[in-house]
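Since the structure comes first, as structure tokens, the remarks are kept for the end.
Only heavy atoms go into these numbers, but all of them, side chains included; no hydrogens, no water, no symmetry mates.
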Amino acid sequence: MTRRFTVLAVLAVVCAAVEVVAGRGMSPGVVWEVLNGGGDATERHIVFQLRLPRLLVALGAGACLAVAGLVLQSALRNPLAGPEVTGVTPGAVLGAVTATALGLAGWDAPLAVVLAACAGGCAGAALLWLLAGRGRGDPAQTAVHGVLVSAVLGGLTAMVLLVEPGELGSVVQWLVGTTEGRVWEHWHLLWPWALVWGVAAWLLAGPLTLLRCGDDIALAAGLSAHRARTLALLCAVALTAGAVAAVGALGFIGLLVPHLAVAVFGADLRRSLPGAALTGAVVVCGADAAAQLSSRLLATALDSGRLTLPVGALTACLGAALLLLVVRRTPSRTF
């Protein structure tokens, strides 16, 4: 197990190094020179004020989404449950977009975006809990209602776009997910939030493991399944809202990375939760590095200096393909 964590840590370092040198405008040699104390003021600003915070935000957001997804899948006992299909991510996006449309928040006001996204994520979770009603303890019913809530919240986001068509660019960034323009303020807001709720998720590892075995076994062990599931959902909402506030809605990270973490680290959530955090950080960081490299290649091929491929578009395409593969190979898998 130690070896597996070590391998993932090495992969994280490699992905981080690639991401730092992958951006346009500076060659890898110049970046290396800046990291060694050289370079002019502009080059140092690009590396230390733009690329490094972008790297850290990508790592933190990936960890948050992966842990939130594993918590949701364990609490609901549904391998296809994730922040994207339980109302949490759409609610956080709606909150951020609405606040932006009203002029209360924006990409240049990270704290306001965090608060708006958290409020929206909590509203989405509350709507799910309200619609589930007496059946909210049933994982299957909760997952079905989550899909419906996600559709409703997505429709409300579209309505905001109709009311404020000038916010199209902002809405697209929130819906697709991007790490462009991240600065140190985003990181300073994200890491304490991720740390607090990540520790809370790890402390719930025991109850979540019992919930994965079924409510009857949890009750036989003396665990209140309803209370434990409520705390787990609250933790997942908070982690998702923090990630969405930082990078928008990165598709399929919270849905597929937990499967990788469980496959690598096993069903013991005391190991798989930290493993999911590290795996999510590696996946998002690697995807962001790949997106930047692809943007450079496409800009050169199309002779367009402004072409940028958002990392969310890449994770959505790859995630959809992997999801089809998982469903086809394990059509009857349940927790």
(message) Determine whether Leu76 and Arg229 satisfy the following criterion, side chain to side chain contact (heavy atoms under 4.5 Å, CB included), listing intermediate values before the conclusion.
(response) CA-CA 8 Å; Leu76 300 180; Arg229 185 168 288 115; 4.2 Å; yes
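- Note on Val13 and Val47: separate hydrophobic clusters, where clusters join Ile, Leu, Val, Met, Phe, Trp and Tyr whose side-chain heavy atoms are under 4.5 Å apart, directly or indirectly.
- Within the structure, ring pair (Phe, Tyr, Trp, His ring centres under 6.0 Å) pairs that include any residue of residues 21-41 do not occur (at least two apart or interchain).
- Using cut-offs of 30° and 60° on the angle between ring planes, the pair Trp191 and Trp187 is tilted.
- Minimum interatomic distance between Leu153 and Pro90 (heavy atoms only, all atoms of both residues): CB-CB, 3.8 Å.
- Linking ILVMFWY side-chain heavy atoms closer than 4.5 Å, directly or via other members, places Val14 and Val284 in two distinct hydrophobic clusters.
- Thr240 places no side-chain N or O within donor-acceptor distance of the main-chain N or O of Thr89, the cut-off being under 3.5 Å.
- The line from OG of Ser224 to CG of Leu219 is 7.5 Å long, rounded to the nearest 0.5 Å.
- Contact record, Cys285 with Ala58: CA-CB, 4.5 Å, taken as the closest heavy-atom pair.
- Annotation: side chain of Val31 is in contact with side chain of Arg51 (closest heavy-atom distance under 4.5 Å).
- Side-chain atoms of His186 come within 3.5 Å of backbone atoms of Val183 as a donor-acceptor pair (strictly under, hydrogens ignored).
- Within the structure, every pair that satisfies the salt bridge (charged side-chain N to carboxylate O under 4.0 Å, His left out) test and touches residues 277-302, not counting sequence neighbours, is listed here: Arg54-Asp288.
- Contact of the Leu65 side chain with the Leu239 side chain is not registered, since no non-hydrogen atoms from C-beta on lie closer than 4.5 Å.
- Closest approach of Leu190 to Ala246, counting heavy atoms only: CD2-CB, 4.1 Å.
- The heavy-atom pair separating Leu309 from Ser294 by the smallest distance is CD2-CB, 3.8 Å.
- In this structure, CG in Leu210 is found 11.5 Å from CG in Leu204, a value given to the nearest 0.5 Å.
- For Arg77 against Leu211, the heavy-atom pair with the smallest separation is CD-O, 2.9 Å.
- For Ala22, the side-chain contact (heavy atoms from CB on, under 4.5 Å) partners two or more places apart in sequence, or in a different chain, are Gln292, Leu293.
- Grouping the Ile, Leu, Val, Met, Phe, Trp and Tyr side chains by contacts below 4.5 angstrom, directly or via other members, places Val10 apart from Leu260.
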Distance-only donor-acceptor hits, side chain of residues 310-325, under 3.5 Å, sequence neighbours excluded:
| residue | atom | partner | partner atom | Å |
| --- | --- | --- | --- | --- |
| Thr315 | OG1 | Gly251 | O | 3.4 |
| Thr315 | OG1 | Val311 | O | 3.4 |
| Thr315 | OG1 | Gly312 | O | 3.0 |

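- Distance check: Leu231 CG to Leu208 CG gives 9.5 Å after rounding to the nearest 0.5 Å.
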Distance-only criterion, 3.5 Å: show the donor-acceptor pairs between side-chain atoms of residues 268-282 and protein atoms not counting sequence neighbours.
| residue | atom | partner | partner atom | Å |
| --- | --- | --- | --- | --- |
| Asp268 | OD1 | Arg270 | N | 3.1 |
| Asp268 | OD1 | Arg270 | NE | 3.1 |
| Asp268 | OD2 | Arg270 | NE | 3.4 |
| Asp268 | OD2 | Arg270 | NH2 | 2.9 |
| Asp268 | OD2 | Arg271 | NH1 | 2.9 |
| Ser272 | OG | Asp268 | O | 3.2 |
| Thr279 | OG1 | Gly275 | O | 2.7 |

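- Of the residues Val71, Val67, Leu234, the one that meets the side chain to side chain contact (heavy atoms under 4.5 Å, CB included) test with Trp197 is Leu234.
- Within the 3.5 Å criterion, the main-chain N or O of Ser74 finds no donor-acceptor partner in the side chain of Arg212.
- The distance from atom NE2 of His45 to atom CG of Asp40, rounded to the nearest 0.5 Å, is 12.0 Å.
- Heavy atoms of other residues, nucleotides or ligands lying less than 6.0 angstrom from CH2 of Trp184 number more than 12.
- Inter-residue side-chain proximity for Leu72 and Leu233 is flagged as met; some heavy-atom pair is nearer than 4.5 Å.
- Proximity of a side-chain donor or acceptor of Arg182 to a complementary backbone N or O of Thr178 within less than 3.5 Å is detected.
- Shown here for Val93 and Ala249, the closest heavy-atom pair between the two residues is CG2-CB, 3.7 Å.
- Remark: the backbone N or O of Val34 is not paired with any side-chain donor or acceptor of Glu43 at under 3.5 angstrom.
- Using a 4.5 Å cut-off between side-chain heavy atoms of Ile, Leu, Val, Met, Phe, Trp and Tyr, with links allowed through other members, Leu50 and Val18 fall into different hydrophobic clusters.
- Partners of Ala194 by side-chain contact (heavy atoms from CB on, under 4.5 Å), not counting sequence neighbours, listed by chain and number: Cys64.
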